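What follows is a set of notes on a single structure, which appears directly below.
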Amino acid sequence: MELPFAESWKIKMVEPIRKSTREDREQWLKEAHYNVFQLKAEQVYIDLVTDSGTGAMSNYQWSEMMLGDESYAGASSFYKMKEMINSITGFKYVLPTHQGRAAENVLFTYLVKEGDFIPGNSHFDTTKGHIEFRKAFAIDCTIDEAKDTQLEIPFKGNVDPVKLENCLAEHHNKIPFVIVTITNNTAGGQPVSMENLREVRKIAKKYNKPVLFDSARFAENAYFIKIREAGYADKSIKEICREMFSYADGMTMSAKKDALVNMGGFIATNIEDWYEHAKIFTIINEGYITYGGLSGRDMNALAVGLDENTEFESLETRIKQVEYLAKRLDEFGIPYQRPVGGHAIFVDAPKVLTHVPKEEFPAQTLTVELYLEAGIRGVEIGYLLADRDPVTKENRFGGLDLLRLAIPRRVYTNNHMDVIAVALKNVFDRRKSITRGVEIEWEAPIMRHFTVKLKRL
Ligand SMILES: *Cc1c(COP(=O)(O)O)cnc(C)c1O
């Protein structure tokens with residue numbers, strides 16, 4: 001008999017978590033204005049709000065924490081991190097930042113001007129925020145297939161080459177760079193194929209435009225290329241990463257995802273001009289260029305995390321757990337973005353809560369119901385997150401409306417996945433009785449989902 005699959009690690013330290021009663025949760029969520037970001041973490045049993053900075057570090061990472069060089073300038077920890085980034089990505093210039101959005105802020109302060117257009121594949125919310133904050137426009141060129149959650153294709157995160165070329169042809173003198181997000185978080189953690197990265201490179205080159213990768217989950221993207229794309233089965237993850245980055249001029253990175261640390265980020269590039277200008281904004285916003293908001297120990301752990309998570313076994317353990325949860329949801333017939341992506345399940349909320357009108361935010365309503373059911377905290381990636389159109393000020397109902405269940409790396413067991421699946425099934429079973437959603441009582445002008453106050457209808 002073939003041995004079953006199991007994790008490529010064992011557990012050395014545990015952290016207790018606690019259940020609560022439905023009455024407790026009703027009270028807590030009301031106090032939180034039906035916004036799960038406003039809950040206290042201790043009011044949550046299983047926390048799937050994000051896979052960002054919530055992973056468990058390895059014994060090797062923890063041992064490197066003790067070896068951190070906390071020198072203000074020129075710390076050995078910086079060079080350790082820089083060399084690891086050089087070897088995995090091929091980019092020679094590296095600027096640390098405290099997290100991914102800080103890398104965007106630093107680089108975009110130099111590159112993005114009012115009235116610019118930045119084509120890409122479903123820009124992440126902070127990326128879009130940094131673009132729109134500068135009165136520029138994020139142009140989504142994701143393939144149309146990504147919108148059909150039930151369609152199974154291997155690389156649903158891809159850029160549509162025709163949309164990209166149209167955008168470049170129309171606005172080429174107002175486009176500072178093309179951005180590709182790997183994996184495509186907003187479209188459901190969906191990978192981008194090597195072929196697509198190559199094609200984006202070719203089109204961008206035709207218009208003489210640089211390519212930037214938003215790389216938070218680049219290692220998961222490499223795993224999918226190895227598993228799904230012809231010609232890559234025998235290549236190592238590190239070889240695949242090198243090829244992927246060869247089609248870009250630079251990257252912004254949230255190290256809280258695929259670099260397996262609780263805090264950190266960086267910019268890496270081969271364009272000297274970007275580096276020279278970004279240096280100034282790093283110093284103003286983040287810190288001196290050899291630490292950029294990070295402790296020496298953090299940079300050490302980041303270097304080891306990048307190395308560990310560009311190994312096949314590490315990625316296989318992680319992605320198979322996400323697939324396990326997806327299979328449980330299949331048993332219950334719960335619709336989610338298919339095929340399941342790398343870091344999360346994205347439940348197709350309007351297909352579950354068919355009786356809740358879009359104006360009442362079905363995915364947010366499902367988020368609320370799941371928390372009340374079992375103390376599980378997911379997050380809305382939908383109409384609230386989409387913010388209002390900067391020109392018309394109307395809610396943007398054009399995209400997907402999803403409940404994201406993000407799985408932290410190396411944190412929960414498959415028993416937890418079973419609890420999540422059954423809790424969702426219980427909500428699914430009573431979906432017809434859920435006819436009303438939520439209404440906005442107060443919202444911020446940008447990135448409103450973090451602080452929005454809601455009323456349950
Ligand atoms: C998380 C993330 C960011 C922002 O990074 P932070 O570390 O949260 O600031 C940017 N892009 C993508 C695709 C992300 O997933």
Side-chain angles (χ1 to χ4, degrees), residues 17-54 99-101 124-129 132-133 185-186 256 343-350 352-353 356-389 393-397 399-408 420 423-424 427 431 434-457:
I17 50 177
R18 275 176 204 89
K19 292 186 193 175
S20 52
T21 64
R22 181 156 183 128
E23 292 69 48
D24 285 339
R25 294 192 291 274
E26 295 270 5
Q27 181 61 29
W28 294 334
L29 197 57
K30 195 169 162 205
E31 287 165 9
H33 300 277
Y34 300 95
N35 179 347
V36 292
F37 283 108
Q38 304 293 318
L39 288 168
K40 291 181 179 153
E42 64 191 19
Q43 297 167 338
V44 175
Y45 175 43
I46 300 176
D47 204 348
L48 308 179
V49 82
T50 180
D51 65 325
S52 179
T54 53
Q99 58 182 94
R101 72 199 63 186
F124 183 66
D125 56 347
T126 61
T127 317
K128 185 157 66 81
E132 292 180 350
F133 185 73
N185 183 349
T186 311
K256 303 168 71 170
H343 68 291
I345 305 260
F346 292 72
V347 180
D348 191 342
V352 175
L353 300 182
V356 176
K358 66 176 190 299
E359 292 77 12
E360 295 180 13
F361 303 100
Q364 182 63 22
T365 306
L366 191 57
T367 307
V368 163
E369 289 292 336
L370 182 64
Y371 174 73
L372 294 177
E373 177 69 26
I376 297 165
R377 173 160 69 169
V379 68
E380 191 248 32
I381 301 278
Y383 303 147
L384 276 177
L385 179 97
D387 274 333
R388 290 174 190 271
D389 184 288
K393 308 286 175 212
E394 292 295 321
N395 279 309
R396 292 192 266 212
F397 292 122
L400 295 173
D401 193 38
L402 307 165
L403 159 62
R404 185 182 76 177
L405 307 171
I407 315 297
I420 298 160
L424 206 52
V427 175
R431 62 191 181 278
I434 304 167
T435 56
R436 297 304 304 269
V438 294
E439 184 182 86
I440 295 173
E441 284 198 313
W442 178 87
E443 65 184 288
I446 199 162
M447 295 184 72
R448 63 182 179 182
H449 60 293
F450 287 125
T451 52
V452 68
K453 291 183 179 168
L454 300 163
K455 194 170 84 184
R456 216 172 163 206
L457 296 167

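Worth saying up front: this structure is predicted, and the values here are computed from it rather than measured.
Put simply, the residue from D348, V347, T435, L366 that forms a side chain to side chain contact (heavy atoms under 4.5 Å, CB included) with L353 is L366. Of the residues listed (R431, R25, R456), the one engaging E369 in a salt bridge (Lys or Arg N to Asp or Glu O under 4.0 Å) is R456, and it is the only one.
Between P362 and P357, the closest heavy-atom pair is CD-O, 3.8 Å. Across all their heavy atoms, L385 and K128 have their closest contact at O-NZ, 4.3 Å. Residues D51 and A406 come closest through the heavy atom pair N-CB, 3.5 Å. Among all heavy-atom pairs drawn from E380 and A363, the shortest one is CG-CB, 3.6 Å. When all heavy atoms of P350 and D401 are compared, the pair lying nearest together is CD-O, 3.1 Å. Residue D387 comes nearest to R448 through the heavy atom pair OD1-CG, 3.0 Å, listed as atom of the first residue, atom of the second, then distance.
Between V379 and T50, the closest side-chain pair of non-hydrogen atoms is not below 4.5 Å. Looking at heavy atoms from C-beta onward, L384 lies in side-chain contact with L454 at the 4.5 angstrom threshold. Annotation: side chain of K358 is in contact with side chain of Y383 (closest heavy-atom distance under 4.5 Å). Taking the side chain as every heavy atom from C-beta outward, P408 and L48 approach each other to under 4.5 Å. For the pair N395 and D389, the minimum side-chain heavy-atom distance is 4.5 Å or more. V452 places none of its side-chain heavy atoms less than 4.5 Å from the side chain of W442. Looking at heavy atoms from C-beta onward, N35 lies out of side-chain contact with F450 at the 4.5 angstrom threshold. Under the 4.5 Å side-chain criterion, counting only non-hydrogen atoms from C-beta, I17 is in contact with Y45.
Contact check on K30 versus E23 returns no salt bridge, with no Lys/Arg side-chain nitrogen under 4.0 Å from an Asp/Glu carboxylate oxygen. For the pair E441 and K453, the salt-bridge criterion is not met [side-chain N within less than 4.0 Å of a carboxylate O]. Salt-bridge annotation for E443 and R388: present, with a side-chain N of the basic residue lying under 4.0 Å from a carboxylate O of the acidic one.
Applying the side chain to side chain contact (heavy atoms under 4.5 Å, CB included) test to D24 and every residue at least two apart in sequence or in another chain returns S20, T21, W28.
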* To do: Evaluate the side chain to side chain contact (heavy atoms under 4.5 Å, CB included) criterion for residues T365 and R436: first the C-alpha distance (whole Å), next the side-chain angles of each, then the deciding distance (0.1 Å), finally the verdict.
  => CA-CA 8 Å; T365 306; R436 297 304 304 269; over 6 Å; no
* To do: Begin with the C-alpha distance, continue with both residues' side-chain angles, and end with the deciding distance and a verdict on side chain to side chain contact (heavy atoms under 4.5 Å, CB included) for I376 and L424.
  => CA-CA 9 Å; I376 297 165; L424 206 52; over 6 Å; no
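Atom CD of E439 and atom CZ of F361 lie 9.5 Å apart (nearest 0.5 Å). For the atom pair I420 CD1 and I407 CD1, the distance stands at 5.0 Å (nearest 0.5 Å). Atoms CD and CD, on Q27 and Q43 in that order, are 9.5 Å from each other to the nearest 0.5 Å. Between atom NZ of residue K256 and atom OG1 of residue T54 there is a gap of 9.0 Å, rounded to the nearest 0.5 Å. Put simply, CD on Q364 and CD1 on I381 are 10.5 Å apart, with the number rounded to the nearest 0.5 Å. If you take CD on Q99 and OG1 on T126, they are separated by 8.5 Å, rounding to the nearest 0.5 Å.
R404 places no side-chain N or O within donor-acceptor distance of the main-chain N or O of A344, the cut-off being under 3.5 Å.
In this model, a donor atom of one side chain and an acceptor atom of the other lie less than 3.5 Å apart for H449 and D125.
The salt bridge (Lys or Arg N to Asp or Glu O under 4.0 Å) contacts involving residues 34-50 comprise D47-R377, where partners must be two or more places apart or lie in separate chains.
Under a cut-off of 6.0 angstrom, the local environment of CZ in F133 is sparse, with at most 12 non-hydrogen atoms contributed by other residues, nucleotides or ligands.
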